[in-house]
Undergrad: 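Encoded as structure tokens, here's the structure I'll be asking about.
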Amino acid sequence: IYGAGVYGKACLKMLRVMNICPEAFIVSSDEHGARQMDDIKIIGLNNCELNDDVGIIVATSDQYRVEILKALKEKAVDENGIYLYSHGKR
């Protein structure tokens, strides 16, 4: 899950209802060092090793999505493995 804020937590809750446990929360900056939330590690994008079989759910407010999608593209993440979490606010 990309995003460890309000939308990331809501996405995690939805995934757990479906018995899916994500490997990690990804954040743009990991200046706080190693952390966890709900027993799931939080890692900075610069410290992620992403490959073709990784799926990423972007669970952030709309204002950050363009920047995040650009950063994921720079990390060579296949756009078919990127999903946008719809938080219902428009």
Side-chain angles (χ1 to χ4, degrees):
I1 300 173
Y2 199 115
V6 173
Y7 300 128
K9 290 176 188 177
C11 181
L12 174 63
K13 186 176 180 179
M14 178 194 68
L15 292 172
R16 285 191 167 161
V17 167
M18 297 184 293
N19 291 321
I20 298 171
C21 184
E23 185 175 326
F25 286 101
I26 301 171
V27 294
S28 298
S29 173
D30 62 350
E31 59 192 39
H32 299 291
R35 298 182 293 160
Q36 286 194 342
M37 181 171 63
D38 291 327
D39 296 323
I40 298 172
K41 63 186 171 186
I42 300 174
I43 53 178
L45 182 60
N46 291 335
N47 295 321
C48 287
E49 292 186 30
L50 304 172
N51 52 40
D52 291 341
D53 65 345
V54 171
I56 298 176
I57 302 171
V58 178
T60 64
S61 64
D62 294 339
Q63 72 185 50
Y64 300 113
R65 288 190 176 181
V66 172
E67 177 184 332
I68 290 167
L69 294 173
K70 180 181 174 189
L72 292 173
K73 185 175 182 177
E74 289 173 1
K75 292 278 285 185
V77 175
D78 183 353
E79 64 185 36
N80 292 318
I82 299 173
Y83 306 92
L84 301 177
Y85 173 68
S86 176
H87 42 77
K89 290 189 178 183
R90 294 282 163 187

Undergrad: Please answer: with hydrophobic residues joined when any side-chain heavy atoms are less than 4.5 Å apart, are I26 and V58 in the same cluster?
TA: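 Same cluster: I26 reaches V58 through Ile, Leu, Val, Met, Phe, Trp or Tyr contacts under 4.5 Å.
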
Undergrad: Between the main-chain N or O of N80 and the side-chain N or O of D78, is there a donor-acceptor pair closer than 3.5 Å?
TA: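 It does hold such a pair.
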
Undergrad: Please identify each residue that fulfils side chain to side chain contact (heavy atoms under 4.5 Å, CB included) with V54, with sequence neighbours left out.
TA: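 Per chain and number, V54 pairs via side chain to side chain contact (heavy atoms under 4.5 Å, CB included) with L50, N51, I56.
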
Undergrad: Rounded to the nearest 0.5 Å, how far apart are CG of D62 and CG of L84?
TA: 9.0 Å

Undergrad: In this structure, would I40 and Y83 fall into the same cluster of hydrophobic residues linked by side-chain contacts under 4.5 Å?
TA: yes

Undergrad: Just to verify, what does M37 make a side chain to side chain contact (heavy atoms under 4.5 Å, CB included) with, not counting sequence neighbours?
TA: A4, K9, F25, I42

Undergrad: Can you get from Y85 to L12 by hopping between Ile, Leu, Val, Met, Phe, Trp and Tyr side chains that sit under 4.5 Å apart?
TA: yes

Undergrad: Which donor-acceptor pairs under 3.5 Å do side chains of residues 70-77 form with protein atoms, sequence neighbours excluded?
TA:
{"from": "K75", "atom 1": "NZ", "to": "L45", "atom 2": "O", "distance (Å)": "3.3"}
{"from": "K75", "atom 1": "NZ", "to": "C48", "atom 2": "O", "distance (Å)": "3.1"}

Undergrad: Working note: S28 + Y2, criterion side-chain hydrogen bond (donor to acceptor under 3.5 Å, both in side chains); need CA distance, chi angles, decisive distance, verdict.
TA: CA-CA 8 Å; S28 298; Y2 199 115; 2.7 Å; yes

Undergrad: For the residue pair I1 and L15, establish whether any side-chain heavy-atom pair is separated by less than 4.5 Å.
TA: yes

Undergrad: Hey, could you give me the CZ/CD1 distance between R35 and I43, rounded to the nearest 0.5 Å?
TA: 11.5 Å

Undergrad: Could you list the residues that satisfy side-chain hydrogen bond (donor to acceptor under 3.5 Å, both in side chains) with S61, not counting sequence neighbours?
TA: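 For S61, no residue satisfies side-chain hydrogen bond (donor to acceptor under 3.5 Å, both in side chains) once neighbours in sequence are set aside.
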
Undergrad: Please name all residues satisfying side-chain hydrogen bond (donor to acceptor under 3.5 Å, both in side chains) with N47, sequence neighbours left out, ordered by chain then number.
TA: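 D30.
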
Undergrad: What's the spacing between I82 CD1 and L69 CG if we round to 0.5 Å?
TA: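 Between atom CD1 of I82 and atom CG of L69 there are 5.5 Å.
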
